[in-house]
Amino acid sequence: MKPEKSVKPERSTKADVVVVGGGIIGLTTAIRLLELGASVLVVTDEALPARTSSVAAAVWYPTGVRADHETTVRASDTYAELARQAADGVPGVTLGPCRMYTSAHDTALPWWATAVPGLRPLRTNEANGPWTEGWSFDAPTVDMPVYLDWLVTRFLTAGGLLHHRRLNHLSEAAVWSPLIVNAAGLGAGSLCGDPTMTPIRGQLVLVSNPGLRTSLRVQDHPEGYTYIHPRRTDVVLGGTFDVNRWDLFPDPATASAILARCTALEPRLADAPVLSHPVGLRPHRPSGPRLEHDPHLLPTTPVIHNYGHGGSGVTLSWGCANEAARLAATA
Ligand SMILES: Cc1cc2nc3c(=O)[nH]c(=O)nc-3n(C[C@H](O)[C@H](O)[C@H](O)COP(=O)(O)OP(=O)(O)OC[C@H]3O[C@@H](n4cnc5c(N)ncnc54)[C@H](O)[C@@H]3O)c2cc1C
């Protein structure tokens with residue numbers, strides 16, 4: 001495939017690896033590469049923090065991904081890393097109680113259960129209106145704007161380099177490095193010619209925190225996606241999962257419906273002042289995240305793909321970064 005239009009990169013900048021993308025996937029991968037001793041340049045087409053990653057509700061939970069062993073390992077590695085970071089006091093990362101409600105006929109152990117220490121069935125006194133069944137566990141929760149800032153600082157402090165450039169094709173990144181990591185989220189598809197990349201729009205409501213500590217989620221709410229994720233000063237209320245919808249404008253009727261569903265689940269939200277209506281596009285790949293060494297896309301420069309994490313980019317981030325760095329070390 002030919003690049004549509006070339007950019008004028010600063011050719012003088014050279015690194016062992018160039019990572020295209022400065023969202024949660026690009027930054028975690030770039031940090032793991034630095035830890036392996038590589039020099040790393042991150043290229044992004046937007047000012048950081050990356051929009052999609054900063055909008056994420058960012059609770060550890062495998063959403064809309066293949067239910068298999070590979071995903072469980074990536075999710076499990078990420079859980080362990082985020083739990084360690086929460087214990088170390090990394091800004092924006094906490095480990096807090098979460099109740100996940102399921103419909104009464106669906107009481108099977110979740111497929112990802114082995115990734116989560118201490119998962120247990122809900123007790124009778126944890127039922128919530130019609131929601132009587134489900135699971136309790138501690139979930140890492142990330143305040144993304146705060147955490148992404150910390151990741152950028154960690155990357156730059158460790159010697160990483162950052163450029164803002166829009167690329168039209170991955171081949172344009174070869175001027176900076178003999179090895180390219182494609183971590184461009186929704187943009188990755190056009191950069192490498194993957195037509196399956198699809199947006200899944202998510203709309204949220206942020207409200208002031210009236211004193212909540214426990215995350216609540218209803219897996220199969222008949223009226224739509226429903227979750228309540230308290231952070232330090234605010235609460236993330238969700239949400240939507242609008243397949244193939246590109247617009248970024250918050251829809252007022254959707255916002256009212258989210259508030260109504262969440263308030264029914266947690267009445268203390270009734271008077272919480274609304275702070276904002278974030279909207280983002282999940283980078284969905286129907287066959288699952290692409291994490292592989294691709295020696296064929298470009299004639300002389302190997303590419304490691306790490307994109308297409310859909311609604312689970314935070315949940316899989318560190319696990320995928322570990323794998324991508326291992327692939328880069330042997331590419
Ligand atoms: C409403 C909502 C709620 C969510 N909640 C959760 C959750 O609770 N848990 C969870 O795990 N996940 C959640 N997600 C999903 C998560 O946000 C994504 O999976 C994750 O942010 C994807 O990260 P990324 O780094 O791949 O992409 P992005 O954050 O989109 O980053 C892509 C990067 O690539 C760069 N780029 C793209 N194209 C180009 C180009 N042509 N040239 C140069 N640079 C380029 C961009 O500048 C950007 O820096 C949620 C998403 C949304 C929208």
Side-chain angles (χ1 to χ4, degrees), residues 3-5 7 9 18-30 42-65 71 74-75 78-79 82 98 139-144 147-148 151-152 162-170 172-173 180-192 197 199-206 215 217 225 227 229 231 236-242 245 248 250 254 258 277-285 289-291 305-321 324:
E4 282 173 44
K5 201 173 114 194
V7 290
V18 56
V19 176
V20 182
I24 184 70
I25 299 299
L27 288 174
T28 51
T29 304
V42 166
V43 177
T44 73
D45 71 343
E46 62 181 353
L48 297 181
R51 181 181 175 117
T52 302
S53 287
S54 57
V55 163
V59 173
W60 183 98
Y61 190 84
T63 302
V65 277
T71 310
R74 292 168 181 169
T78 307
Y79 187 108
L82 291 175
C98 179
T141 303
V142 183
D143 187 332
M144 288 302 277
Y147 187 56
L148 290 167
L151 288 176
V152 171
L162 193 57
H163 273 347
H164 287 153
R165 290 281 189 290
R166 175 167 181 76
L167 306 185
N168 292 301
H169 191 270
L170 277 183
E172 294 166 10
I180 298 170
V181 174
N182 178 15
L186 199 52
S190 59
L191 284 174
C192 72
M197 284 303 291
I200 298 188
R201 179 181 174 281
Q203 179 173 336
L204 306 171
V205 180
L206 287 194
S215 277
R217 61 164 68 234
Y225 242 50
Y227 51 70
H229 298 313
R231 304 194 293 196
V236 182
L237 309 181
T240 67
F241 210 73
D242 311 318
R245 193 169 148 188
L248 287 166
T254 301
I258 290 171
H277 298 271
V279 179
L281 305 178
R282 302 174 180 92
H284 177 64
R285 188 167 178 266
R290 186 174 184 195
L291 180 37
H305 296 289
N306 189 7
Y307 69 87
H309 300 77
S312 293
V314 180
T315 305
L316 303 178
S317 55
W318 286 105
C320 290

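Note that ligands are numbered from 1 as they come in the structure, with each ligand's atoms numbered from 1 the same way. On a predicted model such as this, the values are computed, not experimentally measured, just so you know.
- Within the 4.5 Å cutoff, the side chain of Leu27 has heavy atoms near those of the Val152 side chain.
- Side chains of Thr63 and Tyr227 form no contact here, defined as non-hydrogen atoms less than 4.5 Å apart.
- With hydrogens left out, the protein atom closest to atom 48 (C) of ligand 1 is Glu46 OE2, 3.5 Å, a heavy atom.
- Side-chain contact between Leu248 and Leu281: present, with at least one pair of heavy atoms (C-beta onward) separated by less than 4.5 Å.
- Residue-ligand proximity: Arg165 is placed with a non-hydrogen atom under 4.0 Å from ligand 1.
- You'll find the side chain of Leu162 reaches within 4.5 Å of the side chain of Leu48, heavy atoms only.
- Without hydrogens or angle criteria, Arg217 side chain to Tyr225 main chain gives no donor-acceptor distance under 3.5 Å.
- What sits closest to atom 29 (O) of ligand 1 on the protein, heavy atoms only, is Ser53 OG, 2.5 Å.
- In terms of N/O distances under 3.5 Å, ligand 1 is approached by Leu167.
- Counting heavy atoms from C-beta on, the side chains of Arg290 and Cys192 come closer than 4.5 Å.
- For Arg165 (side chain) and Thr44 (main-chain N/O), no donor-acceptor pair under 3.5 Å exists by modelled atom type.
- At least one donor-acceptor pair closer than 3.5 Å links the side chain of Thr78 to the backbone N or O of Gly319.
- Inter-residue side-chain proximity for Leu170 and His305 is flagged as met; some heavy-atom pair is nearer than 4.5 Å.
- Side-chain atoms of Ser54 never come within 3.5 Å of backbone atoms of Met144 as a donor-acceptor pair (strictly under, hydrogens ignored).
- Which parts of ligand 1 touch Gly185 is read off a 4.0 Å heavy-atom cut-off, strictly below it: atoms 26 (O), 27 (O), 32 (C).
- With distances taken over non-hydrogen atoms, the option nearest atom 46 (C) of ligand 1 out of Thr29, Thr44, Asp45 is Asp45.
- Counting only distance, with no hydrogens or angles, the side chain of Trp60 and the backbone of Ala75 share a donor-acceptor pair below 3.5 Å.
- Looking at Gly310, Ser312, Pro199, it is Gly310 that brings a heavy atom closest to atom 18 (C) of ligand 1.
- Looking from atom 9 (N) of ligand 1 to the surrounding protein, the closest heavy atom is Val59 O, 3.1 Å.
- Taking atom 49 (O) of ligand 1 as the reference point, the nearest protein heavy-atom neighbour is Gly22 N, 2.9 Å.
- Judged by distance alone, the side chain of Ser190 and the main-chain N or O of Gly187 form a donor-acceptor pair under 3.5 Å.
- Distances between N or O atoms of Val314 and those of ligand 1 include at least one value under 3.5 Å.
- At least one N or O atom of Ile25, backbone or side chain, sits closer than 3.5 Å to an N or O atom of ligand 1.
- Remark: Ala139 pairs with Val59, Cys98, Phe137 by the side chain to side chain contact (heavy atoms under 4.5 Å, CB included) rule, at least two apart or across chains.
- When each atom of ligand 1 is checked for a heavy atom of Ala50 under 4.0 Å away, the hits are 29 (O), 31 (O), 48 (C), 49 (O).
- Side-chain atoms of Gln203 do not come within 3.5 Å of backbone N or O of Thr254 as any donor-acceptor pair.
- Atom 37 (C) of ligand 1 has Ala184 O, 3.3 Å as its closest protein atom, hydrogens excluded (heavy atom only).
- Contacts with ligand 1 closer than 4.0 Å are made by side-chain heavy atoms of Pro283 only, the backbone lying farther away.
- Inclusion of Ile24 in the set of residues having an N or O under 3.5 Å from an N or O of ligand 1 is warranted.
- Taking atom 6 (C) of ligand 1 as the reference point, the nearest protein heavy-atom neighbour is Ala58 N, 3.6 Å.
- The distance from ligand 1 to the heavy atoms of Gly280 drops below 4.0 Å at these ligand atoms: 53 (C).
- Only side-chain heavy atoms of Leu191 come within less than 4.0 Å of ligand 1; its backbone N, CA, C and O stay farther off.
- The single protein non-hydrogen atom nearest to atom 3 (C) of ligand 1 is Ala57 N, 3.5 Å, given as residue, atom name and distance.
- The single protein non-hydrogen atom nearest to atom 51 (C) of ligand 1 is Arg282 CG, 3.5 Å, given as residue, atom name and distance.
- Not one N or O of Tyr227 is nearer than 3.5 Å to an N or O of ligand 1, by distance alone.
- Between atom 10 (C) of ligand 1 and the options Gly23, Ala56, Gly311, Gly187, the minimum heavy-atom separation is to Gly311.
- Annotation for ligand 1: atoms under 4.0 Å from non-hydrogen atoms of Leu204 are 1 (C).
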Quick one: do Leu206 and Val236 satisfy side-chain contact (heavy atoms from CB on, under 4.5 Å)? Show the steps, please. CA-CA 5 Å; Leu206 287 194; Val236 182; 3.6 Å; yes
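- Proximity of Asn168 to ligand 1, defined as any heavy-atom pair under 4.0 Å, is not found for any part of the residue.
- Considering backbone and side-chain atoms together, Leu281 places no N or O closer than 3.5 Å to any N or O of ligand 1.
- Residue contact check: Gly202 has heavy atoms under 4.0 Å from atoms 1 (C) of ligand 1.
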